[in-house]
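First up is the structure itself, then whatever we jot down about it.
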Amino acid sequence: MPTGDDDNHGDPPPEEEEDDAGYGDVAVGGGLFSVPGYEWADVAALGRDVAGRAVRVRGAAHAVRAVGRRVAFLVLRQGSSTVQCVVGGGGGGGGGGDAGVARFAAGLSRESVVDVAGVVSLPREPARGTTQQEVEIQVKKLYCISKATPNLPISVDDAARSEEDVAKAKAAGEQLVHVGQDKRLDFRVIDLRTPANQAIFRVQCEIENVSLASTRPKLIGGSSEGGAAVFKLDYNGQPACLAQSPQLHKQMAICGGFERVFEVGPVFRAEDSNTHRHLCEFVGLDMEMAIKDHYFEVCDVVDRLFVAMFDHLNKNCAKELEAMNRQYPFKPLRHPDAEAGVHVEAMGDLNTEAKKKLGELVQAKYDTDFYMLCRYPSAVRPFYTMPCSDDPRYSNSFDVFVRGEEIISGAQRVHVPEVLSRQAEARGIDVGSIAAYVDAFRYGAPPHGGFGVGLERVVMLFCGLGNIRKASLFPRDPRRLNP
């Protein structure tokens, strides 16, 4: 697979590499690679002003239509935006020729996640049935990142159809598929990809920005992190538990076509941890995002987000910080804009003492209380963490530390259902209890990653409070249930 970086802004695409046919399936665990000469672009941003530009777009194969042996039309969907892609017909396709790439495109199952690299052009006539009607993409390279099962339980087009359209068709003697409410919810990941649902939940997201409401369920059928640290309960005769995190449903939302999702809501952990930094109930701040080239994209978001957050607190909460400092003296958090790395030669996790010692060393050498560690051993990370491609004993994961204590945990997630099942079983998780989650990845899933952080722990460490209970309005720990 081609590698390297090239920020090409309108220049002709480079010649094909000899070892790259220009199309095909990406190996399991792959999907994160460079295509020199093509810059990443969003479908929604493709218009007449970018005609002639060499772009790379990742999205779902919404529809495919073959025209003869050498040409195929692929409608690529990204969120609620769609664009027509012309495959073959002299447009390219690499060393395999137009017939090869057209045949490959025609064989793609709907909803498979694909990468298209090509040149934006102006069609002779507006492209019907797409949101970006004034442009199309002349495909030069086409790669399948994640195959969807050929026989989808419901289609996006059918799920997007209104009851009025179904009624009109019936009155005209035509038969259109109607997807009922129960079936929609049974296969919610696909249902979320319809334009209406994309709009509904983006509006809801705007409301959440104001109200900090939670959207992911807190009653689930099985463990979301592994182990026995869950509060179990009876849910109308079915075994259930309070969610340890919104992890599984964050990922399912990504599978539903949302490129970035966030959560602000309660998290429950039935851990018998009577420490200064653990609670049985806390407010979780969680984010999940589609990634393109590397999971470090998630690390970059974390860095920008929390540096901006810390700067905002220092600037806008000076009086409050001063009042806290009078009763609980603390040194201002240092987070200079500098990069530094620490290499740890071990297959085990870091204990509390090691983390604090590392924090002291990092602070002394780099004058910062805010830093990251990457590439943890796979054995100490959750089952949904993606192993490193060069050494599966390690994982594409990271932790973020403040004042020598862990504040954020994140990673690239596994988007291959077979690998998910295998890793869940290896950690003693009943795969049947998370079947809906695993099945979500059978319908096409983009590479993605994310992180989670406890709100109370952020406050505790930023303000140097020393105990998380000071940062919780009504703390719940193994020994406290009142008031």
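The aromatic rings of H294 and F296 lie tilted to each other, with the angle between the two planes from 30° to 60°. The aromatic rings of F398 and Y295 lie parallel to each other, with less than 30° between the two planes, well short of the 60° mark.
One finds a salt bridge joining E263 and K218 here, because a Lys/Arg side-chain nitrogen approaches an Asp/Glu carboxylate oxygen to under 4.0 Å. With salt bridges taken as basic N to acidic carboxylate O contacts below 4.0 Å, one links R193 and E111. At a threshold of 4.0 Å, the pair E288-R413 counts as salt-bridged, since one of the basic side-chain nitrogens sits closer than that to a carboxylate oxygen. A salt bridge links D391 with R393: at least one charged nitrogen is closer than 4.0 Å to a carboxylate oxygen. The pair D186-K183 does not meet the salt-bridge criterion, since no charged nitrogen lies less than 4.0 angstrom from a carboxylate oxygen.
One finds the SG atom of C388 at 10.0 Å from the CE atom of M386 (value rounded to the nearest 0.5 Å). With values rounded to the nearest 0.5 angstrom, L152 atom CG is found 9.0 Å from R110 atom CZ. To the nearest 0.5 Å, the span separating SG on C463 from CG on L313 amounts to 7.5 Å. Taking CG of D477 as the reference point, atom CZ of F282 lies at 13.5 Å (rounded to 0.5 Å). Summarising the geometry, atom OG belonging to S395 is positioned 9.5 Å from atom OH belonging to Y376; distances are rounded to the nearest 0.5 Å.
A distance of 6.0 Å or more separates the ring centres of F370 and F401. The distance between the ring centers of F462 and F310 falls below 6.0 angstrom.
In this structure, the side chain of Q198 engages the main chain of L192 through a donor-acceptor pair within 3.5 Å. Judged by distance alone, with hydrogens and angles left aside, the side-chain atoms of R457 form a donor-acceptor pair with the main-chain N or O of E406 at under 3.5 Å. In terms of modelled atom types and a separation under 3.5 Å, the side chain of S112 and the main chain of A61 share no donor-acceptor contact.
Residue R58 forms a side-chain contact (heavy atoms from CB on, under 4.5 Å) with just one option from L76, V116, I145, and that option is I145.
Remark: the D191 side chain and the N197 side chain contain an N/O donor-acceptor pair separated by less than 3.5 Å. Under the 3.5 Å distance criterion, with hydrogens and angles disregarded, no donor-acceptor pair is assigned to the side chains of D25 and Y143. Checking Q251 against Y437 by side-chain atom types alone, a donor-acceptor pair falls below 3.5 Å. Neither side chain, Q412 nor H448, offers a donor N or O lying under 3.5 Å from an acceptor on the other. For the residue pair D158 / S155, a side-chain donor-acceptor distance below 3.5 Å is found, with atom types taken as modelled. A side-chain N or O of S409 and one of R381 form a donor-acceptor pair less than 3.5 Å apart.
Other residues, nucleotides and ligands contribute over 12 non-hydrogen atoms within 6.0 Å of the CG atom of D234. Enclosure of atom CZ in R480 is not indicated, since only 12 or fewer non-hydrogen atoms of other residues, nucleotides or ligands lie within 6.0 angstrom.
Remark: R375 qualifies as a cation-pi partner of Y394 under the 6.0 Å distance and 45° angle criteria applied to the six-membered ring.
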Full working for salt bridge (charged side-chain N to carboxylate O under 4.0 Å, His left out) between E281 and R269: CA-CA 6 Å; E281 179 183 2; R269 301 284 173 88; over 6 Å; no
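The minimum heavy-atom distance linking I291 with G449 is given by the pair CG2-N, 4.2 Å.
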